[in-house]
Amino acid sequence: MSGQQIEHLVSMANQIALNFGEKRNLTEAARKTGEHLEKFWTRAMREKLSIEAADSEVPLSPAVNLMLEQQRGQIGS
Amino acid sequence: MLQYYEPEKDYGTPPVQSSEMVSANIDGVFIEVPAGTSIMRAAALVGIKVPKLCATDSIDAFGSCRICLVEIEGRRGYPASCTTPVEEGMQVQTQTPKLAKIRNGVMELYISDHPLDCLTCPTNGDCELQDTAGEVGLREVRYGFEGENHLAAEKDESNPYFTFDPSKCIVCSRCVRACEETQGTFALTIEGRGFDSKVSAGGVDFLNSECVSCGACVDACPTATLTENSIIEHGKPEHTVLTTCAYCGVGCGFRAELKGEQVVRMTPWKEGKANEGHACVKGRFAFGYATHPDRITSPMIRDSIDEPWRKVSWDQAVNFAAQRFRKIQQEYGRNSIGAISSSRCTNEEVYLIQKLVRAGFGNNNVDTCARVCHSPTGFGLKTTLGESAGTQTFASVAKTDVAIVMGANPTEAHPVFASRLKRRLREGAKLIVIDPRKIELVSSPHIRADYHLPVNPGANVALLNALAHVIVTENLHDAEFIDQRCESEAFSEWQAFIADDSQSPESLEQATGVDPQALREAARLYASAPNGAIYYGLGVTEHSQGSTAVMGIANLAMLTGNLGREGVGVNPMRGQNNVQGSCDMGSFPHELPGYRHLSDAATRALFEAEWQVDLDPEPGMRIPNMFDAAVDGQFRGLYCQGEDVAQSDPNTHHIEAALGALDCLVVQDIFLNETAKFAHVFLPGASFLEKDGTFINAERRISSVRKVMSPLSGKADWEATMAFANALGCDMNYQHPSEIMDEIAKLTPTFHGVSYSLLDELGSIQWPCNELAPEGTPTMHVDEFVRGKGYFAVTEFVPTEERANKRFPLLLTTGRILSQYNVGAQTRRTENSTWHEEDLLEIHSHDAQERGINEGDWVGIQSRVGTTVLHAHISDRVKPGVIYTTFHHPVSGANVVTTDNSDWATNCPEYKVTAVQVSKVNEPSAWQARQQKFDRRQHQLLKQATEDA
Ligand code: SF4
Ligand code: SF4
Ligand code: SF4
Ligand code: FES
């Protein structure tokens, strides 16, 4: 079922980004999406999204992609 | 607060609001009252009782019986005290020999056509006619009973809760006026004239009339003509206890009237500020479920759901559950268990559940059923206004000039509020209804919506944006309010967004399905109102953009300056009795009581010090996360208190798979509900009659729930949770729910001033109640918003993914009906089923014809996730392309077809939009057949329950 779950998480994250105005302001939407996940998602869900996103059959929306890249950048730096 | 039974004091005529005071003298007693007050009321206020029959203080005076006559110095004749207002300097006599004679004569006439069977009459000792005959000193009736009379008139026993015995009627018309003024249904009339005049329910019996069984006429009737069947059966109560209705979010105050521990009647409490003496069929009459034979009163356990239950002691049950939960955590980690609490339970109970999870389970996996109804309200109002709650009192509607009712159906779901609203509309206020369905308020006796905007399911945000677009582009907004009270940068950004032509009613017409001209006119009407108020319900929240729509509503209110005073505001109509309270009590996985996020170290520290534990600062799982994780094998133990997730949550197949995957499911409920059929531990719950506590209604009003009978299982729910916590090693030691409230008050700034003694003193309290507002806060955001400046959130319309297409061309939406409540566990076990035995599928004649469907046919409803079958009801309440059903019966399987799409911000399920196809079929669906088989099997396992020594 894990396979299904990552798709579900990606879809939810994409929806969040879309509702934070991804089409109007990508960086702002990425920031707000990150904050929202931090506030409302469990750590396990956030980690799963970050680790398994690449395997998702549902493509990441640009803002979610950006958010994850930024997070990895921060962890890396 | 046990009290001897006494009928509530009746002042004869309603109170009058006036800043001008007038004084007079009645029977030598000086009185001062607001101008406009009747002599009858003024007298009653100082303890002088004028005999009366046609007057009662819930309705306007009528002046027909002529028994309340008085003498006024300097005035000729004998004016009726109920219709004559006090004037400055008046000298009034209520008892003189002349008055006594007139009254005696009037009374004699009444009694000459009234049976003299007082001793065997059901209301003996509680009858105004009897009392008044006593007061006027009637000793003989000179006119014989042999003349023409009504003594043989036949009883109408069609209503399951009350009887109409016209032989006892004095044609005072109190019932007719109560139905009109208090309830607003206009079901009754006085038919005929003179001697032939009689009360009629529109020429048919009560059950087949327009009557909605609210009981207002029964309350108003001064004789035994309209009497509760419970009183006919059991007689007059002997004591009363004040409590609060446990059904809907109106939170009506009630007097539970008892004989010993048996409730013989529930009467709406006149001092109850939410309802002011009115009620609906649920709270007033549907309390019999509390003693229904289906109640389970013994704790039970079993190792697997294929085994019969074993009845055990409380200790055995909680120890069994605790051992299982600890074992699961040892094997699968701390986060593998969680709890779901119910908005039907008291604040004290849901507070304990979240405490048990955070302090006992050591995680934050706690959620409440508000997740599936009003979580978007919490998110949306917190973001824009700063507080997750409605802004007004219910009484505020009396000052509203234009009301918007959006995605709510108050006459069915919040009936007592609906009566208030209807009264205001009859006084001339305007109404805009935004709903895909033609709800009763769109057109009913003496009410007609000025605009009905039949929005397509799923397009609320587009519609709200279009309304705001009109207001902004036509310069109808309240620039001064926005300037002073709102964040200017956010407003500018929002203004640029909303003024864009893409947000106009014309551009969005395709999405909304609403005539742009009507939409423009409705926007102008709301914007131009001196006081505009918005009332909304689950038709707003239960969408993929539920939170966005709530923010859109808050934007509209800020835009027009309609916040911070009476008559205006943003008013979420909460579904269940304690939705507001369960949210306030920290039942969501990301926040502590008082809506404080777990990441806030200072707040955490407060609770850590009180509970002597370290708290996890990470948000826990929401209900859908728990189910996903259960299916995934990572979540294995669930404590479910009073919430029937198997019936109420979307995508039943998924929920059943999740529940079936759990190693230990603990269910606490009063009945073997659908969820309990998957349970390993059953903890018998207590109804609201069996415990003390508090509920918080949609106006943020904290009201007391008081125990009127002993818990059938021996424990109230808070005691059961405490026993479970202690078995888990999470020490709890409360002697009474008041101590739990003291802890809540200590730790929660908006509740700092709340205590049981203050509740007893004030009757009820609207939070915030603290040093700044010692008696509570009726209206919020008066001088500034809770968040400081109001925030205009950009509300971009994102169409739901659940769209109609060729395969699923219709949109299914859901709602409620007056007589049933939610999953129906309570109301289905009362006579309320007389009105609604099954859920039907409403379909427009056009869609029905196209599919060869006739009234009453079985129709299959198929969505992407499942199929169910209901009987069809052809109706023009829905428009072509939209179908509708209620969800009160488990076998209907409404949630077999709903999907797990949800609100982007809160995961509140998108119950209100499911793309489906319907077709004529011959029998129930495969799921329904399976469900019935499973149900039979589980009842068998219950019957086989063994008693452990
Ligand atoms: S019960 Fe209510 S609706 Fe029915 S007739 Fe009486 S007042 Fe009217
Ligand atoms: S039914 Fe009762 S309230 Fe109605 S007219 Fe007769 S006596 Fe009066
Ligand atoms: S169900 Fe609602 S409106 Fe009806 S009596 Fe109870 S609280 Fe009042
Ligand atoms: S009570 Fe005043 S006229 Fe009937």
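Sequence lines set the chain letters: A, B, ... in the order given, protein chains first and strands last, and positions in each chain run from 1.
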Roughly how far, to the nearest 0.5 Å, is the [atom2] atom of [Y] from the [atom1] atom of [X]?
| X | Y | atom1 | atom2 | value |
| --- | --- | --- | --- | --- |
| A:Q15 | B:N907 | CD | CG | 10.5 Å |
| B:R622 | A:W41 | CZ | CH2 | 9.0 Å |
| A:H8 | B:D632 | NE2 | CG | 11.0 Å |
| A:I16 | B:S547 | CD1 | OG | 10.0 Å |
| A:R46 | B:E618 | CZ | CD | 4.5 Å |
| A:K39 | B:E591 | NZ | CD | 8.5 Å |

Please check if the number of heavy atoms outside [X] that lie under 6.0 Å from its [atom1] is greater than 12.
| X | atom1 | value |
| --- | --- | --- |
| B:E331 | CD | yes |
| A:E28 | CD | yes |
| A:R43 | CZ | no |
| B:E801 | CD | no |

Using every non-hydrogen atom in the two residues, find where B:F379 and A:H36 come nearest and quote the distance to one decimal. CE1-CE1, 3.7 Å

Nearest atoms (heavy-atom pairs only) where B:P619 meets A:E38: CG-O, 3.7 Å

What part of B:N363 is in contact with chain A, defined as an atom under 4.5 angstrom from a non-hydrogen atom: side chain, backbone, both or neither? neither

B:S599 versus chain A, heavy atoms under 4.5 Å apart: side chain, backbone, both or neither? neither

Kindly indicate whether the side chain of B:V631, heavy atoms from C-beta on, has any atom under 4.5 Å from the side chain of A:Q5. no

Counting heavy-atom pairs under 4.5 Å with chain B, the top scorer among A:T42, A:N19, A:N14 is A:N19

